[in-house]
Amino acid sequence: MTNLQHADASPMPRTAAMADRMVFVDEVGSTNTLARELISQGGIVLTGAGAGAGAGAGAGAPRIAVVATDRQTAGRGRLDHTWVSRPGESSTVTYALAVPRAIATDESVNGWLQMIAGLAALDGLAEAVGQSGADYLRGSFASGLQYEPADTMHQRTAVDALRLKWPNDIFIDGRKLGGILAELVQLPKHRNDADPNSGPGRPARGEGVIAAVGQSAGEPDHHDDAAAQVGVIFGIGLNLAVPADRLPTEQSTSLQLHYGPLPDGVTLRDMVAAGTVSSLRRRVAVFVADPRGQAASLREEVTRRCYTLGRCAVAHFVDGSELEGEAVALNADASLTMRDASGVTHVVRTADVGVLPA
């Protein structure tokens with residue numbers, strides 16, 4: 001790995017200030033893969049209480065590490081879809097944290113972890129748009145876009161337009177803005193007697209292992225934490241400033257095609273990621289404290305913000321089979337119920353679900 005940057009040299013200063021650990025690389029195959037490697041090697045420590053930089057996180061807020069890059073050359077999505085990013089156009093960021101193993105392995109509630117990541121991304125996007133003072137854009141890609149002042153759009157904000165497409169996509173105005181890949185990571189069982197980032201022996205930029213900011217000498221042994229918890233990484237890729245003629249598919253879009261004026265792509269990425277960290281810390285802390293109670297609240301929130309529900313969709317399964325029908329309900333365990341043409345309902349738990357044209 002090359003040009004690993006410490007938090008104080010990060011091109012994402014807002015995110016570095018909000019997160020407990022920030023790792024930035026100019027180019028990498030996959031931020032999820034790099035995050036997994038650093039966690040496994042002890043270069044990112046996820047156990048222990050977070051710094052609490054996120055306002056309103058409260059007690060029990062998780063430690064959150066962020067891994068980001070300007071250029072991702074081998075990003076992975078669900079069902080092994082690949083994703084490539086260009087500097088200044090996209091946000092390729094992985095967010096890593098630890099949750100109790102009992103929650104991560106409980107199929108009645110663990111599906112909500114990915115939904116929480118999606119909601120946190122929506123929060124980060126909406127916050128960045130709001131902070132930028134951007135207005136909604138009207139028109140079409142073909143005819144050109146014009147600014148539509150908010151007061152004439154009945155205060156149409158980013159919150160109004162942003163949606164989650166089950167299970168892992170972020171949509172805006174019916175087009176795909178980005179996607180999420182969630183993975184579990186085994187936490188290493190070892191002592192962390194000192195912070196390799198402080199004092200003698202601090203690794204130079206470009207060397208492989210960088211430990212968590214805030215990990216000080218004399219902290220308690222996290223062996224028990226590692227056994228009771230598991231790492232979760234959320235790779236979130238977003239199109240922020242991709243020109244319309246370079247969008248990867250006809251269904252894809254980019255944030256600057258819907259709201260403007262916006263800051264440059266690098267600044268916008270930092271704003272979105274910082275807001276996502278804050279929301280993710282708060283949402284995960286509340287969920288871990290009461291997973292079943294929060295599952296009910298999340299079900300209501302995601303149902304309101306789900307682009308898939310009420311639409312005809314097709315589910316693509318890993319074995320190559322497909323199911324076509326109407327998405328009719330989001331279930332208590334975060335699974336999706338679809339009704340086929342014969343009226344039979346099917347519960348979908350793991351699939352790539354696409355919405356069909358009306």
Side-chain angles (χ1 to χ4, degrees), residues 1-44 64-78 80-96 117 121 124 128 170 176-183 185 196-197 202-213 231 233-243 245-249 252 254-256 262-274 276-277:
M1 63 189 72
T2 60
N3 198 23
L4 284 168
Q5 297 188 18
H6 297 279
D8 56 3
S10 172
M12 299 174 65
R14 295 174 181 84
T15 308
M18 185 62 66
D20 297 281
R21 181 71 182 94
M22 176 82 221
V23 174
F24 186 88
V25 292
D26 295 327
E27 180 175 316
V28 72
S30 164
T31 55
N32 266 28
T33 298
L34 178 56
R36 178 185 291 276
E37 292 172 352
L38 289 173
I39 293 168
S40 298
Q41 296 167 5
I44 286 178
I64 295 183
V66 174
V67 178
T69 186
D70 271 339
R71 179 176 173 82
Q72 181 171 257
T73 59
R76 295 173 292 114
R78 287 174 64 89
D80 293 326
H81 294 168
T82 57
W83 199 75
V84 177
S85 64
R86 296 190 184 192
E89 293 185 356
S90 302
S91 173
T92 47
V93 179
T94 291
Y95 306 84
I170 296 168
K176 182 176 178 177
L177 186 68
I180 303 168
L181 178 64
E183 299 180 274
V185 183
N197 274 348
R202 173 176 175 169
R205 184 179 301 178
E207 294 181 355
V209 177
I210 302 176
V213 169
I233 56 177
F234 301 108
I236 303 180
L238 299 167
N239 297 326
L240 299 181
V242 180
D245 61 357
R246 281 216 301 272
L247 291 170
T249 69
S252 300
S254 185
L255 191 64
Q256 93 286 359
L262 292 170
D264 64 89
V266 172
T267 301
L268 185 58
R269 173 186 62 186
D270 190 22
M271 295 171 68
V272 172
T276 301
V277 169

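Computed from heavy atoms alone, side chains included, the values below leave out hydrogens, waters and symmetry copies.
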Practice task
Apply side chain to side chain contact (heavy atoms under 4.5 Å, CB included) to the pair Asp70 and Arg269, showing each step before the final yes or no.
Solution key: CA-CA 10 Å; Asp70 271 339; Arg269 173 186 62 186; 2.9 Å; yes
So which heavy atom on [X] is nearest to which on [Y], and how close?
X      : Y      : answer
Ala128 : Val272 : CB-CG2, 3.6 Å
Ala121 : Thr276 : CA-OG1, 3.9 Å
Ser254 : Ala241 : OG-N, 3.1 Å
Ala65  : Ile44  : CB-CG2, 3.6 Å
Ala274 : Thr15  : N-OG1, 3.3 Å
Met22  : Ala68  : CE-CB, 3.9 Å

Handout entry: Under 3.5 Å donor-acceptor, Thr92 side chain and Thr69 backbone
Key = yes
Problem - Heavy-atom donor-acceptor pair, Glu27 side chain to Gln72 backbone, under 3.5 Å - result: no
Handout entry: Full working for side chain to side chain contact (heavy atoms under 4.5 Å, CB included) between Leu238 and Ser90
Key = CA-CA 6 Å; Leu238 299 167; Ser90 302; over 6 Å; no
Practice task
Please assess Val28 against Thr73 for the test side chain to side chain contact (heavy atoms under 4.5 Å, CB included), listing each intermediate value before the final yes or no.
Solution key: CA-CA 6 Å; Val28 72; Thr73 59; over 6 Å; no
Say you draw a straight line from [atom1] of [X] to [atom2] of [Y]; how long is it, rounded to the nearest 0.5 Å?
X      : Y      : atom1 : atom2 : value
Leu262 : Leu240 : CG    : CG    : 8.5 Å
Met12  : Asp270 : CE    : CG    : 5.0 Å
Arg14  : Met18  : CZ    : CE    : 11.0 Å
Ser30  : Ile233 : OG    : CD1   : 7.5 Å
Leu255 : Asn239 : CG    : CG    : 9.5 Å

Problem - For Thr94, side-chain hydrogen bond (donor to acceptor under 3.5 Å, both in side chains) partners two or more places apart - result: Thr31, Asn32
Problem - Any Ile236 side-chain heavy atom under 4.5 Å of Ser91 side chain - result: no
Exercise for the section: For the residue pair Thr267 and Asp264, confirm or rule out a side-chain donor-acceptor distance under 3.5 Å. Expected result: yes
Exercise for the section: Test Val66 against Val23 for side chain to side chain contact (heavy atoms under 4.5 Å, CB included), laying out the working first. Expected result: CA-CA 6 Å; Val66 174; Val23 174; over 6 Å; no
